[in-house]
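These values consider heavy atoms only, across backbone and side chains, with no hydrogens, waters or symmetry-generated copies.
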Amino acid sequence: MTDTAVRPGTHAHAQLDTSDGWHLRFTGRWTTAYVARADEALKVLTLPNGGEAVFHMGNVESLDTAGAWLIHRTERALQERGVTVRLTDTAPRFAGLIEAIRRNDEVHPEHEPSRNAFIAMVERVGRATFMVAGETRDLVNFLGHAIIVMARSIVRPSHVRMTPLVHHIEQSGLNAVPIVGLISFLIGIVLAFQGAEQLSKFGAQIFTVNIVAQGVLREMGVLLTAIMLAGRSGSAFTAQIGTMNVREEIDAMRTIGLDPMEIL
């Protein structure tokens with residue numbers, strides 16, 4: 001007995017044959033432009049309970065994500081009813097797409113909802129702990145490597161490249177003076193305004209200058225400079241080294257016998 005899931009004449013149709021098992025034959029163009037009627041027809045198919053189902057893919061002319069999803073959806077519906085699904089005559093270019101749809105439809109264990117809120121919290125804390133431990137290990141490793149390279153440079157000053165050193169001192173130090181000065185100036189104005197407002201209650205506005213000078217020069221100025229250099233120069237160096245890594249320039253340094261940590 002045969003049952004036509006999608007009437008002939010459309011560009012995408014599937015024919016159900018139950019004369020010798022459960023066979024579904026896909027033909028035509030299973031692409032976004034032609035699978036609308038196939039979608040409705042596949043939804044109303046009479047699915048068996050158990051056994052084996054065979055999808056015949058030999059007459060599929062073209063297949064995109066939409067068509068592959070409809071085929072996978074039918075396959076999944078059969079598997080939920082205990083049916084073993086087998087695809088035959090699938091072109092290699094179509095098999096990869098269908099397999100990708102299958103992988104993306106699977107729920108990753110990390111994304112599955114946890115049955116117990118306490119267990120979920122313990123899992124998140126444990127995962128975060130491992131991440132922090134890994135980052136701490138990498139940071140200590142980097143710090144130790146940097147100290148070794150600095151000690152090596154002190155012992156052998158000839159390895160220090162003075163021209164790049166002066167260039168980076170200028171780039172991260174002298175060129176950062178305008179933005180650091182602007183931020184310190186604005187913070188100083190805010191501190192002076194707030195300090196004068198509070199000191200006026202005691203008639204001690206004359207000490208506003210002293211508070212601003214000591215607070216900015218001794219404490220806040222150093223902190224603001226460190227933050228600005230980390231955000232400005234540090235991020236610039238990170239982006240530059242990342243670009244060099246993508247371009248395999250760091251691998252080239254290792255190939256010719258140079259230590260990237262010492263050079264960079």
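For the pair Arg161 (side chain) and Ile263 (backbone), a donor-acceptor distance under 3.5 Å is present. Side chain of Thr88 to backbone of Phe55: a donor-acceptor contact under 3.5 angstrom is found. Between the side chain of Asp17 and the backbone N or O of His23 there is no donor-acceptor pair closer than 3.5 Å. Checked by atom type and distance alone, the side chain of Asn210 never pairs as donor or acceptor with a backbone atom of Ala213 at under 3.5 Å. Counting only distance, with no hydrogens or angles, the side chain of Arg81 and the backbone of Pro48 share a donor-acceptor pair below 3.5 Å. Side-chain N or O atoms of Ser200 include one that pairs as donor or acceptor with a backbone N or O of Glu197 at under 3.5 Å. Between the side chain of Asp39 and the main chain of Val35, no donor-acceptor pair closer than 3.5 Å is present.
Taking all atoms of both residues into account, the shortest heavy-atom contact from Val149 to Glu262 is CG1-CA, 3.7 Å. Smallest separation of non-hydrogen atoms from His56 and Val54: NE2-CG1, 3.6 Å. Across every non-hydrogen atom of Leu63 and Thr31, the tightest pair is N-CG2, 4.2 Å.
Using a 4.0 Å cut-off between charged side-chain N and carboxylate O, Arg37 and Glu40 make no salt bridge.
The 12-atom threshold is exceeded at CE of Met121, counting heavy atoms of other residues, nucleotides or ligands nearer than 6.0 Å. Open room surrounds CD1 on Ile206; 12 or fewer heavy atoms of other groups in view lie less than 6.0 Å from it. For Phe237, the CZ atom is densely surrounded, since the number of other residues' heavy atoms within 6.0 Å is greater than 12.
The aromatic rings of Phe26 and Trp30 stand perpendicular to each other, their planes meeting at an angle above 60°, with 30° marking the opposite boundary.
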